[in-house]
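Reading through the C-alpha cells given below for one structure.
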Amino acid sequence: MAVTPLLSRLVDGLRCLPGVGPKSAQRMAYHLLERDRESARRLAAILALAADKIGHCKSCRTLSETDICPLCASGSRDRTQLCVVEMPADVEAIEQSGSYRGLYFVLMGHLSPLDGVGPEDIGLDQLKERCRAEEVREVILATNPTVEGEATAHYISEQVKDHGIRVTRIAHGVPLGGELEYVDGDTLSHAFSGRREW
Amino acid sequence: MIAPCAAWDTAMKTERVELHPAYILHHHPYRNSSRLLEVFSRDYGRFGMIARGVSSKRSRLQGRLQPFRPLLLSWHSRGELATMRTAEPDGAPPVLSGAALMSGFYLNELLLRLTGRHVPYPRLFRNYHRTLNRLGERRAGQDALRLFECHLLQELGYGMTLDHEVEHGRPIQPEAHYCYHIERGPVELATGEPANGVQLAGSSLLALASGQFPDQQSRKDALRLMRTVLAFYLGSKPLRSRELFRSLKGVNRGTTL
Ligand SMILES: [Zn+2]
C-alpha cells in the first residue's frame, strides 16, 4: 500500500508519543484507520479538548482543568503537610499507595545545575509563598533519588527551613519483600547512607 | 600525504573497550528509554555515549548511571558517539549531599567547559576521583576545589606559577605582596604602583601551591585568584552551577565555588 501524504502525516504525528518509533506508529495508524475509525474520531476529539482545557492547578501546579485541582480543593486533606514531587505521575503513585493525606506541590521537573534549570523554572517562589501564607508545618521532599533530585531537595530544604517548618525527606532503599542478596549495590548503598536509629 | 586517509580510518574503526574507569559528567534523556551520557574516562577522555534502554522501569542500570559514581564502563564506538554495553560500579560512590553535591556539579561543569573531547587526561581523572571523595568526606571541601582548579589548569596547559615571581625568578616571600598577572604569574608589588591583576599576599600564593591553607585570609585570596584566572579561560558565559549555588542563600557553610 502506497503511503499517502495524509497517512504519513498521521504516522509522524503518532511518533510524538513516548516509546513510539516509526514501526509502531505505522501499526497504530493502520489499526485506527482499518479497524477502529470510531475510536480514532473520539481520540482526536478528546485530544483537542484536553490540549485546550487542561492547564495547571494554581495551588499545586499539577495538571488540572480547573483553577484549583480537586485534591487541593478537597476539605478532607491535612493542610499542615505539603509533599513536594517532580511530576504529576508521582502524585498519582503516592495517592494510589493510600499512605498520605496531605497536600502536594508539583515542581514539573527538577533543578538541573548544568542545564540552567533554576529555582524559578520549578516554581520555588510559589512554593515559598505557600509555606509562608498557609498553615504548612511539614514539607515532605519526595523528589527522585537522582543527583538532580537530591540537589533539588537540598535547595528546597535550605529555602524552607527558616520559615520554622519541619523538613523531611522520604526514605529510599530496600524494597519491601525483597531479599537483601538480590538488591543491587546502588540501592543498598543508598539504603545504608539513609539508615536511622532503631 | 596520508593524513586524511588515516583520519578516516580512525573515525570508522570500531573500537571496543572493556570495563574502563569512567564517570558520568552529564546526562540527558534520549528517545524513548535511552540516555545520552557525557562520559569522562581515564584513558579516553571525555566523550558522548548512548546508553540504550536504561530508562525503562525494568532496567537496573537506571540508578547506577548517575554522575559522581565511579563506574567501569564497556562500550564500542564507531565515529563520534559511543554505545554503552555494560556498566559496573567501581567501588563505593562518595556520599555527596548539600553543598558537597553542589560542588560536584561545579567540578563537572568545569570539566565540560574546559576539557576537549577525546583528549585523555589520566592524571586529571585521578584528581577528579580524589576530589569527589574529599567532598564526600565533608572535610575542607573549599580547599579541595581550589586544588582541583589549579590541577585542571595545569593539565590543560595553563599551569600557574605560584612559587616564584616572574620578573626575577625570586622565590615567593610569605610577607611580601604580589600582583598576579594572568598567563604570566606573580609580580612583586612595589609600593604605590598601580597594578592591574589580582593582588594578594605571598603567604596566600604559597598556601595555594602547597594545598595547605593556614587561615581564612589565604582561602579568600585563593578563591579570588582562581575565580579571576578561571573566568579568563571560561570566557563570558557564566558557570551555571555557581549561579545556582549563589542564589541559594544560607548555604555558605565552609564551601564556596
Ligand atoms: Zn492542586
Side-chain angles (χ1 to χ4, degrees), chain A residues 15-25 89 93 109-122 124-125 128 141 144-163 167 169 172-173 175 182-195, chain B residues 24-29 31-33 38 55-56 59-69 71 87-113 136 237-253 257:
Chain A
R15 286 191 59 192
C16 73
L17 292 165
V20 176
K23 269 265 170 282
S24 24
H110 50 232
L111 291 178
S112 185
L114 301 188
D115 294 313
V117 179
E120 63 285 354
D121 302 305
I122 55 170
L124 290 198
D125 282 342
K128 271 195 285 182
L141 300 168
N144 289 329
T146 60
V147 290
E148 290 85 2
E150 292 291 338
T152 308
H154 167 67
Y155 197 98
I156 294 173
S157 79
E158 290 291 329
Q159 301 272 304
V160 165
K161 259 189 217 154
D162 13 315
H163 291 74
V167 180
R169 175 100 170 98
H172 298 286
Y182 298 118
V183 176
D184 67 287
D186 307 287
T187 306
L188 262 181
S189 70
H190 214 107
F192 260 88
S193 62
R195 69 187 181 278
Chain B
I24 293 167
L25 294 179
H26 198 26
H27 57 137
H28 285 112
R31 299 262 172 90
N32 310 324
S33 58
E38 189 69 14
S55 298
S56 77
S59 175
R60 287 186 142 205
L61 288 177
Q62 195 174 15
R64 186 172 299 165
L65 294 179
Q66 291 280 317
F68 316 126
R69 289 175 163 257
L71 297 170
E88 299 291 330
D90 187 16
V95 181
L96 298 184
S97 59
L101 182 58
M102 295 294 195
S103 301
F105 282 114
Y106 169 74
L107 294 184
N108 285 9
E109 192 171 16
L110 282 181
L111 289 173
L112 288 166
R113 289 279 297 276
K237 205 172 130 204
L239 286 169
R240 286 161 159 172
S241 54
R242 186 189 282 161
E243 288 188 326
L244 183 65
F245 193 83
R246 279 195 193 154
S247 75
L248 181 52
K249 65 179 165 61
V251 80
N252 197 355
R253 294 179 192 131
L257 304 183

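The chains referred to below are lettered A, B, ... by the order of the sequence lines, with proteins before strands, and numbering in each begins at 1.
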Sequence neighbours excluded - salt bridge (charged side-chain N to carboxylate O under 4.0 Å, His left out) pairs with any residue from residues 144-154 of chain A: A:Glu150-A:Arg169
Atom CG of A:Leu114 and atom NE2 of B:His27: how far apart are they, to the nearest 0.5 Å? 8.5 Å
CG of A:Leu111 to OG of B:Ser241: how many Å apart, nearest 0.5 Å? 12.5 Å
Between [X] and chain A, with a heavy-atom cut-off of 4.5 Å, which part of the residue counts as in contact: side chain, backbone, both or neither?
X: B:Leu101; answer: side chain
X: B:Leu96; answer: neither
X: B:Arg69; answer: side chain

Would you please test B:His28 and A:Asp115 for side-chain contact (heavy atoms from CB on, under 4.5 Å) and show each step? CA-CA 10 Å; B:His28 285 112; A:Asp115 294 313; 3.0 Å; yes
Taking all non-hydrogen atoms of both residues into account, name the closest pair between A:Ser112 and B:His26 and its distance. OG-CE1, 4.4 Å
Hey, does B:Phe245 have a side-chain heavy atom less than 4.5 Å from the side chain of A:Pro113? no
Distance-only, no hydrogens or angles: does the B:Gln66 side chain make a donor-acceptor pair with backbone N or O of A:Val147 under 3.5 Å? yes
Part of A:Asn144 within contact of chain B (heavy atom distance under 4.5 Å): neither
